[in-house]
Amino acid sequence: MEKIWLKQYPAGVPAQIAVDLYASLVALLEDSFARYRQRPAYRFMGRTIRFGQVDDLSRAFAAYLQSLGLDKGDRVAIMLPNVPQYPVAVAGILRAGYVVVNVNPLYTPRELEHQLKDSGAKAIVILENFAATLAQVIDAVPTKKVVLAAMGDLLGPVKGLLVNHVVRNVRKLVPAFSLPGAVRFGDALAQGRRKTYTPPKIGPDDIAVLQYTGGTTGVSKGAVLLHRCLVANLLQSEAWYQPALKKIAAGEQVVTVCALPLYHIFGFNTNMMLGMRIGGCNILIPNPRDIAGLLKDLSRERFHSFPAVNTLFGALAQHPDFDKVDWSHLVISVGGGMAVQQATARLWLQKTGCPICEGYGLSETSPSVTCNPVDATAYSGNIGLPLPNTELALLDDEGREVALGAAGEIAVRGPQVMAGYWQRPDETAKVMTADGYFRTGDVGVMDERGYVRIVDRKKDMILVSGFNVYPNEVEDVLTQMPGVLECAAVGVPDDKSGEAVKVVLVRKDASITEATVRAYCEANLTGYKRPRVVEFRDQLPKTPVGKILRRELRDTSR
């Protein structure tokens, strides 16, 4: 397809950028540590952590990990919310020559076991709040080296002790667990300081991150993101953001609200890695569901950038404390992870004067593919234009390009596209074309200016507040519940989360109730995968060959 979208690029945004500026994320990190040593890198619970401190701490952590006898390329899992230990652990893992495996801290034991087994993670860094989950599966997984973090680890001796006491004893947020041989995060750092760090040779084609995502089979699989994929995408994003960043006074540090979870690829690259590249400071928000607490934190800050999902923009804008925050310095609000709703965008613009700039991406694309111009003055309702160095095609079922204005599956080719799915060549073959395009499964239309709008989804994925839920996984869990004969899961519209999960079940046992279904899901599925709606039927609609017609179930829900 001719790159008609280039004519719409804002002034100063190039069609092509040098995406090989750094040989690896490690080279980028170490460049930033040297250039911005005295600048704040993170603020958390009133404490500032500078680039130089992240450098020193991550070097010590890298030395500790190397002392465990891991080989270059071994996987290390991270099961942390937005706490300062997260960027320290990521930088340490990468600097040691290992691969980051991001894990959702709210995973159930079943979900965690699958990911640790599939990735072959030899070690894990986990917040003690979630250690009870790991304890239930530790004997069944290859992950034998455990580093235990606590909420107050990097808050200083006095405040750290106080925060840990409140978390453990007042709020009771750390369930009892037993993980013999686990090493405390502070002890790991102390050991690392006494050991020698040996910088490994890391190149652009080495694996940096396994980012787990669902699939049409319902099995969570790891998108293999090479160092060059992630470097390319953050440099693409940096180039795209320039028109907005130029509005910030010369010499003023860019401050970004980090409410997106860092274990999600959106937060990982858009907050942490881009922040590192531009020498910006991230305000770490460990629990964005606590809207009052988030607004209280922001009321003490002066910030310029706010990437988030529609749900969070909406919840903030409708909260009574919203006006206690100074929004006047905000120059860029990036919406991604899920569709931005027009009502939310209108309210956000009205209250902040900064329009939500919607983008689009996937775990498989590191993540950003398209974005609306950041100098736009209004919400457009589309996902914007392909980023620099990105090729986009709309394909029919036979893989041929459709005519301009016609609907086709969005296919992406560019330096940010993954190397494939971890140890799943069959699944990789399903999504990659012979000429290197990644087929997203989303159906879009491109207008005559090059702007893209998503109109449908080929796959049955459900998008809940920016997180992928695959019906087959939910169905697989529920059909293992005693008394359930058949099950189908579909997405239904939801005002808060965009979509929610609905399950339709056929019982073989009358004792199955909505309450027992919900209890079973709570034990086996993390929160966003659990059904909002539970329905019972005598039979499920099927094709002549017996395939469940999910679309029919969706249509009856609208």
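The line from OG1 of T370 to CG of N382 is 8.0 Å long, rounded to the nearest 0.5 Å. Put simply, CG on N129 and CE on M79 are 10.5 Å apart, with the number rounded to the nearest 0.5 Å. L298 CG to I283 CD1: the interatomic distance, rounded to the nearest 0.5 Å, is 6.0 Å. How far OH of Y528 is from OG of S497: 13.0 Å, rounded to the nearest 0.5 Å. For the atom pair OG of S237 and CD1 of I278, the computed distance is 10.5 Å after rounding to the nearest 0.5 Å. Here CE of M446 is found 12.5 Å from CZ of R453. Values are rounded to the nearest 0.5 Å.
The list of salt bridge (Lys or Arg N to Asp or Glu O under 4.0 Å) pairs with a residue in residues 255-283, not counting sequence neighbours, reads E238-R277.
Side-chain atoms of T365 do not come within 3.5 Å of backbone N or O of G361 as any donor-acceptor pair. The backbone N or O of G267 lies less than 3.5 Å from no partner atom in the side chain of T270, so there is not a single donor-acceptor pair. A donor-acceptor pair is defined here as one N or O able to donate and one able to accept, closer than 3.5 Å; such a pair exists between the side chain of R530 and the backbone of L525.
Centroid-to-centroid, the aromatic rings of H264 and F467 come within less than 6.0 Å. Taking the ring centroids of W327 and F322, they lie under the 6.0 Å cut-off.
Screening R50, R95, R37 for a salt bridge (charged side-chain N to carboxylate O under 4.0 Å, His left out) with D56, the sole residue that qualifies is R37.
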Test salt bridge (Lys or Arg N to Asp or Glu O under 4.0 Å) applied to R449 and D447, step by step: CA-CA 5 Å; R449 301 169 303 156; D447 67 19; 3.0 Å; yes
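For the pair R228 and D205, the salt-bridge criterion is met [side-chain N within less than 4.0 Å of a carboxylate O]. Salt-bridge formation is not detected for the pair E391/K3: no Lys NZ or Arg NE/NH1/NH2 atom is positioned less than 4.0 Å from an Asp or Glu carboxylate oxygen. A salt bridge does not link R302 to D326: none of the charged nitrogens lies less than 4.0 Å from a carboxylate oxygen.
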Atom pairs and distances, side-chain donor-acceptor, residues 6-20, under 3.5 Å, sequence neighbours left out:
| from | atom 1 | to | atom 2 | distance (Å) |
| --- | --- | --- | --- | --- |
| Y9 | OH | P386 | O | 2.6 |
| Y9 | OH | L387 | O | 3.3 |
| Q16 | OE1 | N389 | ND2 | 3.2 |

